[in-house]
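Chain A is the first sequence line, chain B the second, and so forth, proteins listed ahead of strands; every chain is numbered from 1.
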Number of protein chains: 2
Amino acid sequence: MQAENTTLNSFDPHVSVDCVILGYDGESLKVLLSRQGEEDPNSQYNSLKLPGRLLYADEDLDDAANDILNQLTGSQNHYVRQFRAFGSPTRTNNPKDVLWLENAIKQKIGRIVTIAYLSLVRINNRTHRTFAGHDAAWYKVSELPELAFDHSTIIREVLKELEMLSVQQPHLIFEMLPPKFTALQLRRVHEQICGHELDVRNFSKFIMNKPYIVPLDEWEQNVSHRAARFYKFQVGKVKL
Amino acid sequence: MQAENTTLNSFDPHVSVDCVILGYDGESLKVLLSRQGEEDPNSQYNSLKLPGRLLYADEDLDDAANDILNQLTGSQNHYVRQFRAFGSPTRTNNPKDVLWLENAIKQKIGRIVTIAYLSLVRINNRTHRTFAGHDAAWYKVSELPELAFDHSTIIREVLKELEMLSVQQPHLIFEMLPPKFTALQLRRVHEQICGHELDVRNFSKFIMNKPYIVPLDEWEQNVSHRAARFYKFQVGKVKL
DNA sequence: CCAAAAGTGTTAAAGTTACACCCATGT
DNA sequence: ACATGGGTGTAACTTTAACACTTTTGG
């Protein structure tokens with residue numbers, strides 16, 4: 001913000017907010033992607049993208065992220081935090097993406113600086129809802145198709161961040177689990193995040209006696225082996 | 001980036017890059033601030049700011065940060081990394097700042113989204129250099145004057161990040177130290193960062209036998225006590 | 001009684017914390 | 001000799017990592 005240069009060489013890029021919305025379906029880590037247009041493998045543009053949009057006037061970045069999230073999931077109070085800004089001048093240069101952008105936005109797009117957000121949600125039927133003009137669906141992060149812009153890179157970077165968070169702030173992971181869960185379910189999410197198996201007993205010591213994990217008097221039903229206990233996550237007891 | 005909204009409610013905010021450039025002068029942690037205009041306590045606007053400017057067309061965010069840094073320090077290869085984007089619609093609303101902005105940029109400023117960077121540099125004479133039209137000088141982070149926009153907040157948040165980094169990636173701290181330093185100097189920087197005293201012996205164990213710290217055959221001269229050994233930091237030996 | 005997953009404890013190693021004395025130098 | 005900071009070790013405790021058997025349930 002120095003005077004002498006601003007009127008000469010500066011310009012105003014578009015600013016967008018994109019959300020990496022992660023969930024766990026009991027088996028794999030998934031990311032919510034939105035599709036613009038028909039599902040056609042021979043399409044001229046990459047129709048899969050991170051959910052996001054340009055920033056509105058007078059809208060805070062965090063508010064935009066929350067709004068995108070609410071639009072898609074139909075519910076509020078999800079965990080969401082800013083991850084990082086991506087602003088390479090070439091990130092919108094893929095001809096497929098240019099084609100789509102000019103179609104969608106109806107004007108020449110010089111450049112878009114995007115602020116990426118990381119969000120953790122519970123996968124349920126509501127989040128599979130289809131919205132007018134665009135679908136949103138869950139995709140395994142381990143088998144991502146080609147995505148628009150640098151969205152694959154953004155997801156990859158966010159997943160590294162998530163791995164760190166799962167160790168340093170393990171309570172965040174409950175955002176992805178149902179209100180009642182077994183020790184196995186909890187361990188599986190962590191394994192998906194860190195990419196390798198975790199020792200059952202050591203993992204128990206790490207997490208199961210945190211004050212915010214409370215055992216319920218409920219057990220699995222109709223399983224052909226010893227029934228696992230259910231636990232719940234108690235928000236009020238999180239201490240860092 | 002969804003088509004239906006972009007043409008209706010979206011707009012293009014200005015995008016800037018601001019650098020929190022931190023250094024250590026042997027006594028305190030300092031931040032490099034630039035002053036626009038005369039040093040006048042009764043000035044109508046806040047003349048002290050983080051060094052930064054609007055983004056140029058075709059300029060990557062990281063490149064902008066590096067450029068700002070090079071302009072001020074006159075040297076390259078400083079440690080610099082993106083910290084976080086700040087985009088509250090009200091961050092440019094302080095009347096003092098509005099006055100300055102309209103003066104400096106010669107146009108109505110609706111809003112500026114800034115990408116804040118964290119940088120660690122060595123304080124020396126070159127970094128005290130004055131540039132045409134604006135001064136830059138080091139200020140103690142513990143006694144910051146009033147700053148423009150939300151720059152005080154940005155600095156506060158960056159300092160929290162630095163505290164984390166000094167523990168998790170202690171090698172970064174050498175960016176702020178001279179090529180040769182004593183164990184005391186090293187400890188003092190860490191104490192400034194974490195805000196309390198550190199036990200001499202425990203700190204030694206923590207840092208002094210990392211492979212990237214190499215003892216030199218040089219000792220302090222002319223001190224009225226046992227001379228302290230000098231060490232240097234060996235870049236190639238950093239392992240995380 | 002078999003298959004399948006649940007649940008539970010110990011030991012060794014590494015790391016962390018708290019704490020105190022002698023050494024080298026200049027005045 | 002004294003004032004100043006330099007430099008070093010140990011013991012208690014905590015954390016981490018590796019590792020295996022018994023329990024419960026349904027078929």
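Judged by distance alone, with hydrogens and angles left aside, the side-chain atoms of B/Gln82 form no donor-acceptor pair with the main-chain N or O of B/Tyr117 at under 3.5 Å. In this structure a side-chain-to-backbone donor-acceptor pair under 3.5 Å is present from B/Asn66 to B/Asp62. Judged purely by atom type and a 3.5 angstrom limit, A/Glu163 has no side-chain atom pairing as donor or acceptor with the backbone of A/Lys160.
Minimum heavy-atom separation, B/Cys19 to B/Ala65: SG-O, 3.8 Å.
Note: CZ (B/Arg226) to C1' (C/dC21) measures 12 Å, nearest angstrom. A straight line from CZ of B/Phe203 to C1' of C/dA18 spans 17 Å, rounded to a whole angstrom. Atom CE in A/Met208 sits about 9 Å away from atom P in C/dT8, given to the nearest Å. At whole-Å resolution of the value, CD1 in A/Ile207 and P in D/dT16 are 12 Å apart. Rounding to whole angstrom units, CG of residue B/Asn209 and C1' of C/dG15 are separated by 12 Å.
Defined by atom type and a distance below 3.5 Å, a donor-acceptor pair is missing between the side-chain atoms of B/Ser88 and A/Asp60.
The residues A/Lys30 and A/Asp25 are annotated as salt-bridged, a charged nitrogen and a carboxylate oxygen being separated by less than 4.0 angstrom. Using a cut-off of 4.0 Å between Lys/Arg side-chain N and Asp/Glu carboxylate O, B/Glu157 and B/Arg84 are scored as salt-bridged.
Contacts of residues 217-225 of chain B with DNA chain C (heavy atom under 4.0 Å): B/Val223, B/Ser224, B/His225. Near-neighbour residues of DNA chain C inside residues 180-201 of chain A, defined by a heavy atom below 4.0 Å, number-ordered: A/Leu184, A/Arg201.
Rounded to the nearest 0.5 Å, atoms CE (B/Met208) and CD1 (B/Ile213) are 5.0 Å apart.
Within 3.5 Å, no donor on the side chain of B/Lys205 pairs with an acceptor on the base of D/dT8, nor the reverse.
Between A/Tyr212 and A/His171, the angle of the ring planes goes over 60°, which puts this pair in the perpendicular group of the 30/60° scheme.
Closest approach to the A/Arg229 side chain among C/dG7, D/dT10, D/dG7 is made by C/dG7 (side chain taken as heavy atoms from C-beta onward). For A/Asn202, the side-chain atoms get nearest to D/dA17 when compared with the rest of C/dA5, D/dG7, D/dA17.
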